[in-house]
2 protein chains.
Amino acid sequence: MDTPRWLDDDQQRAWRAYLRMQAQLGAALNRQLQAACNLSLADYDVLVHLTDVPDGRLRPYELQRALEWEQSRLSHHLSRMQRRGLVERQECADDGRGAFVVLTQAGREAITTAAPGHVETVRALFFDALGPEQVEALQQLTTQVLARLDAAGG
Amino acid sequence: MDTPRWLDDDQQRAWRAYLRMQAQLGAALNRQLQAACNLSLADYDVLVHLTDVPDGRLRPYELQRALEWEQSRLSHHLSRMQRRGLVERQECADDGRGAFVVLTQAGREAITTAAPGHVETVRALFFDALGPEQVEALQQLTTQVLARLDAAGG
DNA sequence: ACGGAATAGATGATGTGTCATGTAGGTTGA
DNA sequence: TCAACCTACATGACACATCATCTATTCCGT
């Protein structure tokens with residue numbers, strides 16, 4: 001950190017635009033999900049992962065790695081979703097420490113209802129603004145940054 | 001929402017990569033700021049805006065518009081920052097409803113300490129992974145999405 | 001077989017963000 | 001001038017995220 005290189009003008013502009021977009025896009029997606037189905041983006045992600053798997057059932061630690069969430073975040077979040085009847089917890093016979101999270105019928109219905117509107121919103125607010133080359137560029141660029149993040153933080 | 005167009009494979013990949021990057025980058029930047037200076041990204045943004053202005057003093061509503069935050073978010077956040085001694089609130093003579101937020105000495109020192117490390121981290125984790133064309137592409141692309149968001153949500 | 005280390009998970013405290021609502025002071029037009 | 005309205009700001013309730021910590025179980029080397 002001795003003599004920090006500042007960002008040049010292009011980087012500044014890009015960074016500010018990115019921060020603005022990131023904040024507004026996230027807020028808009030959250031609002032849509034909330035208004036349409038009373039779900040948060042976090043709920044949505046959990047439900048998607050559970051839906052993608054036979055029996056709609058996963059060990060919390062699997063879910064955690066898939067979501068790349070902190071363990072306690074997942075635990076708290078599952079408690080809230082359980083309280084709302086979207087998932088249940090079950091005992092795990094194989095591993096006495098462990099558990100299962102299972103999609104309830106209500107959870108399945110929630111994600112089924114939510115998905116079309118959510119995807120449509122992502123498309124309408126994001127991809128409809130971009131050409132295919134830009135999508136490709138974004139994919140490339142984010143992947144490079146992710147590699148850097150993985151290298152740095154683990 | 002009748003027959004929603006799903007996302008194509010490229011869009012799927014780009015979207016997932018974007019979500020991952022967004023989450024991890026935000027978390028990494030927050031952790032760095034927290035570890036180095038006991039500040040959050042939100043604190044940082046508030047302090048930057050106050051630093052950029054003569055007397056380090058703004059009306060909350062000006063700050064709110066600059067940050068594009070919800071009004072109550074700013075109000076709560078200022079309360080927390082005030083409690084930690086980073087800002088103060090002052091009366092506004094001109095407008096009986098209004099107030100001023102002022103940077104304290106501690107606030108000024110915090111941002112001065114924080115800035116180099118933060119910028120360095122942004123560079124290290126983000127811009128060092130990208131070429132100039134990619135920065136340009138990102139800037140272009142985010143600007144287009146922002147235009148769409150503004151058109152949609154106000 | 002056992003003791004230490006690693007793993008699975010829950011929990012409480014605290015900071016953060018949103019929504020709904022409240023309050024007081026400005027503004028405007030009949 | 002005064003009623004209707006708008007604007008600036010605060011607050012309480014609640015959802016969400018992180019950190020530190022705790023418990024229980026499994027794993028692994030000796």
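Throughout, a chain's letter reflects where its sequence line sits, starting with A, and its residues are numbered from 1.
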query: Can you name the closest pair of heavy atoms from B/Ala110 and B/Leu47 and give their distance?
result: CB-CD1, 4.3 Å

message: For a quick check of understanding: with a heavy-atom distance under 4.0 Å over all strands, which category does B/Arg84 fall into, base, sugar-phosphate or nothing?
response: nothing

message: Classify B/His77 by what it touches in the nucleic acid, base, sugar-phosphate, or nothing, heavy-atom distance under 4.0 Å.
response: sugar-phosphate

query: Taking atom types as they are modelled, is there a donor-acceptor pair under 3.5 Å from the base of D/dC9 to the side chain of B/Ser75?
result: no

message: Using OP1 and OP2 only, check whether a side-chain N or O of B/Arg97 sits under 4.0 Å from C/dT23.
response: no

query: D/dA8, C/dA8, D/dA17: which one has an atom nearest the side-chain heavy atoms of A/Arg65?
result: C/dA8

- request: Starting from P on C/dA8, measure out to CD on A/Glu91 and report it in whole angstrom.
  value: 18 Å

- prompt: Please give, in whole Å, the distance from C/dG25 P to B/Tyr61 OH?
  reply: 18 Å

- line: note: A/Leu33, atom CG; D/dA15, atom C1'; distance rounded to Å ~ 15 Å

- prompt: Is there a side-chain polar atom (N or O) of A/Arg59 under 4.0 Å from OP1 or OP2 of C/dG9?
  reply: yes

message: Counting the atoms with a prime plus P, OP1 and OP2 as sugar-phosphate, which does B/Asn30 contact under 4.0 Å by heavy atoms, base, sugar-phosphate, or nothing?
response: nothing

- prompt: Contact class for A/Ser40 (heavy atom, under 4.0 Å): base, sugar-phosphate, or nothing?
  reply: sugar-phosphate

- request: Can you figure out which of C/dC19, C/dG9, C/dT11 approaches the side chain of B/Glu70 most closely?
  value: C/dC19

- request: Ignoring the backbone of B/Arg80, work out which of C/dG26, C/dG9, C/dG15 is nearest its side chain.
  value: C/dG15

query: Base, sugar-phosphate alone, or nothing: which one does A/Gln71 contact when heavy atoms must sit under 4.0 Å apart?
result: base

message: One thing to verify: whether A/Arg123 and A/Glu120 come together as a salt bridge, which I'm taking to mean a side-chain N less than 4.0 angstrom from a carboxylate O.
response: yes

- prompt: Which one, D/dA13, D/dA15, D/dT18, comes nearest to the side chain of A/Ser72?
  reply: D/dT18

query: Is the distance from OP1 or OP2 of D/dA10 to the nearest side-chain N or O of B/Arg89 less than 4.0 Å?
result: yes

query: Does B/His76 make a side-chain donor-acceptor contact with the base of C/dT18, cut-off 3.5 Å?
result: yes

